[in-house]
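Please read the structure below before turning to the comments.
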Protein chains: 2
Amino acid sequence: MIAQNDEIRTRIIDIARNIFTHFGFKKTTMEEIAQASRKGKSSIYYYFSSKEEIFKAVVEKEAEELKSELAKRTENIEDPIEKLNVYIKVRMRKLDKLKNFYAALKSDYLSHLEFIEEIRNKYDKEEIKIVADIIQQGINAGKFNVDDAELSAIAIVTAMKGLEVPLFLNKEHRNIETRLTSLINFLFYGIVKR
Amino acid sequence: MIAQNDEIRTRIIDIARNIFTHFGFKKTTMEEIAQASRKGKSSIYYYFSSKEEIFKAVVEKEAEELKSELAKRTENIEDPIEKLNVYIKVRMRKLDKLKNFYAALKSDYLSHLEFIEEIRNKYDKEEIKIVADIIQQGINAGKFNVDDAELSAIAIVTAMKGLEVPLFLNKEHRNIETRLTSLINFLFYGIVKR
DNA sequence: TATTCGACCATAATACGTTTATGGTCTATT
DNA sequence: AATAGACCATAAACGTATTATGGTCGAATA
């Protein structure tokens with residue numbers, strides 16, 4: 001049954017996701033995934049052609065989670081200023097939770113996997129597009145003073161990336177949340193007096 | 001002669017600097033440094049107690065170069081907006097040239113060296129202070145609209161750090177210079193319409 | 001006396017051969 | 001169609017031997 005296959009695949013993906021999150025791709029064995037799924041290793045290969053294919057499915061699932069969470073949290077916001085504010089905050093907080101996706105974006109150890117470059121490029125482009133769309137909304141609404149929406153999006157994304165390492169490693173949230181708020185204020189209002 | 005010792009030390013530091021720049025700390029041997037200095041290895045140990053001490057001297061020299069270049073390029077600028085603009089641009093371009101100093105700040109391979117954490121903390125603090133001073137000048141001159149100069153400095157430094165990797169790795173300068181200019185515009189004027 | 005040299009040392013790093021683990025395959029079974 | 005278990009190729013880990021390297025020390029030299 002095709003439907004049942006999907007169900008089993010999904011279950012394996014979810015189980016593997018937990019193990020990958022805990023041990024990382026490299027240290028996770030197919031035997032572990034099989035046992036946790038209560039199946040033989042060969043049975044796992046019935047549903048997936050390789051360890052990499054499972055990991056790709058996990059990464060794509062996490063990417064989709066981020067995407068839909070961001071969409072959900074911003075869809076009813078009309079004000080582009082507020083929308084961008086929420087986007088940045090949700091993005092930073094959520095990305096820290098999606099360990100496999102973040103590893104796929106950042107980890108040197110995973111660069112040898114075939115789908116990694118593709119997913120890195122894809123995510124970069126999508127993110128810049130989303131931010132550029134919000135900025136374009138702000139331009140159209142006469143609220144943003146920006147020449148080029150895409151260049152602006154690139155600058156915002158760059159600044160956010162600069163905050164990932166201190167945010168995700170240093171768990172003293174109070175200080176980092178201050179940093180995040182401070183950075184958002186900058187991106188919005190700059191430092192030059194109005 | 002004390003003076004001659006300093007001269008020889010300086011010469012060894014400069015020679016070592018070139019080799020460290022080329023091969024990195026780890027792959028550079030004391031034998032290489034000795035030969036390039038036209039001395040026996042033991043003679044190097046007459047002037048320096050360890051390989052680490054030489055590397056520290058190299059890193060401190062490069063840090064001092066950055067500091068004095070920044071001071072030189074900003075000291076005659078009265079306008080805090082222009083001063084910060086020049087600071088950011090010179091900082092990014094110069095730091096890329098100081099390979100040993102940058103490695104000391106960023107490389108995981110060097111974290112085991114005793115002086116590394118100290119120099120990282122020191123540089124961070126100094127940089128935030130310099131930027132905060134410029135911001136405070138802007139506040140005093142009524143040109144910057146900022147509540148807290150130090151928090152603002154931290155945000156600016158964070159954004160700059162986000163640009164280091166793409167800037168220093170990707171040598172397609174045209175695109176990255178655009179990014180740098182774009183980021184500076186953001187930091188100054190924000191995106192919200194005035 | 002200051003400086004240099006060369007032999008030497010401890011051990012970190014590297015090389016190498018052996019063993020084990022792991023991703024994956026294949027056939028038989030249910 | 002789905003599963004199990006034996007098996008395979010080779011990557012990874014391991015243990016041992018060898019080499020390289022940072023550093024030391026006493027003697028030699030200027």
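Quick caveat: nothing in here was measured; it's all calculated off a predicted structure. Chain identifiers are assigned alphabetically (A, B, ...) following the order of the sequence lines, protein sequences preceding nucleic acid strands; residue numbering begins at 1 within each chain.
Of the residues in residues 105-117 of chain A, none lies under 4.0 Å from DNA chain C by heavy-atom distance. Using a 4.0 Å cutoff on non-hydrogen atoms, no part of residues 15-24 of chain B comes near DNA chain D.
With sequence neighbours excluded, the residues that form a side chain to side chain contact (heavy atoms under 4.5 Å, CB included) with A/A155 are B/S182, B/L183, B/F186. Every side chain to side chain contact (heavy atoms under 4.5 Å, CB included) that A/S37 has, sequence neighbours left out, goes to A/I12, A/I15, A/I33, A/I44. Remark: B/D14 engages B/T10, B/K61 in a side chain to side chain contact (heavy atoms under 4.5 Å, CB included) (not counting sequence neighbours). Not counting sequence neighbours, B/F188 has no partner by the ring-ring contact (aromatic ring centres under 6.0 Å, His included) test. By the side chain to side chain contact (heavy atoms under 4.5 Å, CB included) test, B/K67 is found to be paired with B/E64, B/E126, residues two or more places apart in sequence or in another chain being considered.
Atom CG in A/L187 sits 7.5 Å away from atom CG in B/L187 (nearest 0.5 Å).
Annotation: cation-pi geometry not satisfied between A/K99 and A/F20 (NZ/CZ under 6.0 angstrom from ring centroid, within 45° of ring axis).
For A/I33 and C/dT22, the CD1 to C1' distance is 12 Å, given to the nearest whole Å. Going from atom CD of B/Q35 over to atom C1' of C/dT4 covers 16 Å, rounded to whole Å. Between A/Y46 atom OH and C/dA28 atom P there is a gap of 18 Å when expressed in whole angstrom units. Here the P atom of nucleotide D/dA2 and the CD1 atom of A/I44 are 13 Å apart, to the nearest Å. The separation between A/K27 atom NZ and C/dT22 atom C1' is 12 Å, rounded to whole Å. In this structure, CZ of B/R38 is placed 18 Å from C1' of C/dT3, rounded to the nearest angstrom.
Applying the side chain to side chain donor-acceptor pair (under 3.5 Å) rule to pairs touching residues 144-157 of chain A yields nothing, sequence neighbours excluded. Residue pairs meeting the ring-ring contact (aromatic ring centres under 6.0 Å, His included) criterion with at least one member in residues 126-158 of chain A, sequence neighbours excluded, do not occur. Legend: ring-ring contact (aromatic ring centres under 6.0 Å, His included) pairs involving residues 75-105 of chain A, not counting sequence neighbours, sorted by first then second residue: A/F101-A/Y123, A/Y102-A/F168.
Nearest nucleotide to the B/N5 side chain, out of C/dC5, C/dT3, C/dT14: C/dT3.
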Dump the pairs, protein N or O against N or O of nucleotides 28-30 of chain D, anything under 3.5 Å, distances to one decimal.
none

Between protein and nucleic acid, restricted to nucleotides 22-25 of chain D and to nitrogen or oxygen atoms under 3.5 Å apart, what atom pairs and distances do you find?
residue	atom	partner	partner atom	Å
D/dG22	OP1	B/T28	O	3.3
D/dG22	OP1	B/M30	N	3.4
D/dG22	OP1	B/K51	NZ	3.0
D/dG22	OP2	B/M30	N	2.8
D/dG22	N7	B/K41	NZ	2.8
D/dG23	OP2	B/Y45	OH	3.1
D/dG23	OP2	B/K51	N	2.7
D/dG23	N7	B/K41	NZ	3.3
D/dG23	O6	B/K41	NZ	3.2
D/dT24	O4	B/S42	OG	3.2
D/dC25	N4	B/S42	OG	3.4

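Note on B/F48: nothing from the nucleic acid sits closer than 4.0 angstrom, heavy atoms only.
Residue B/R73 places its CZ atom among 12 or fewer non-hydrogen atoms of other residues, nucleotides or ligands, all under 6.0 Å distant.
Remark: side-chain polar atoms of A/E53 are paired, donor with acceptor, to backbone N or O of A/S49 under 3.5 angstrom.
Looking at A/D133 and A/Q137, their side chains never bring a donor and an acceptor atom within 3.5 Å of each other.
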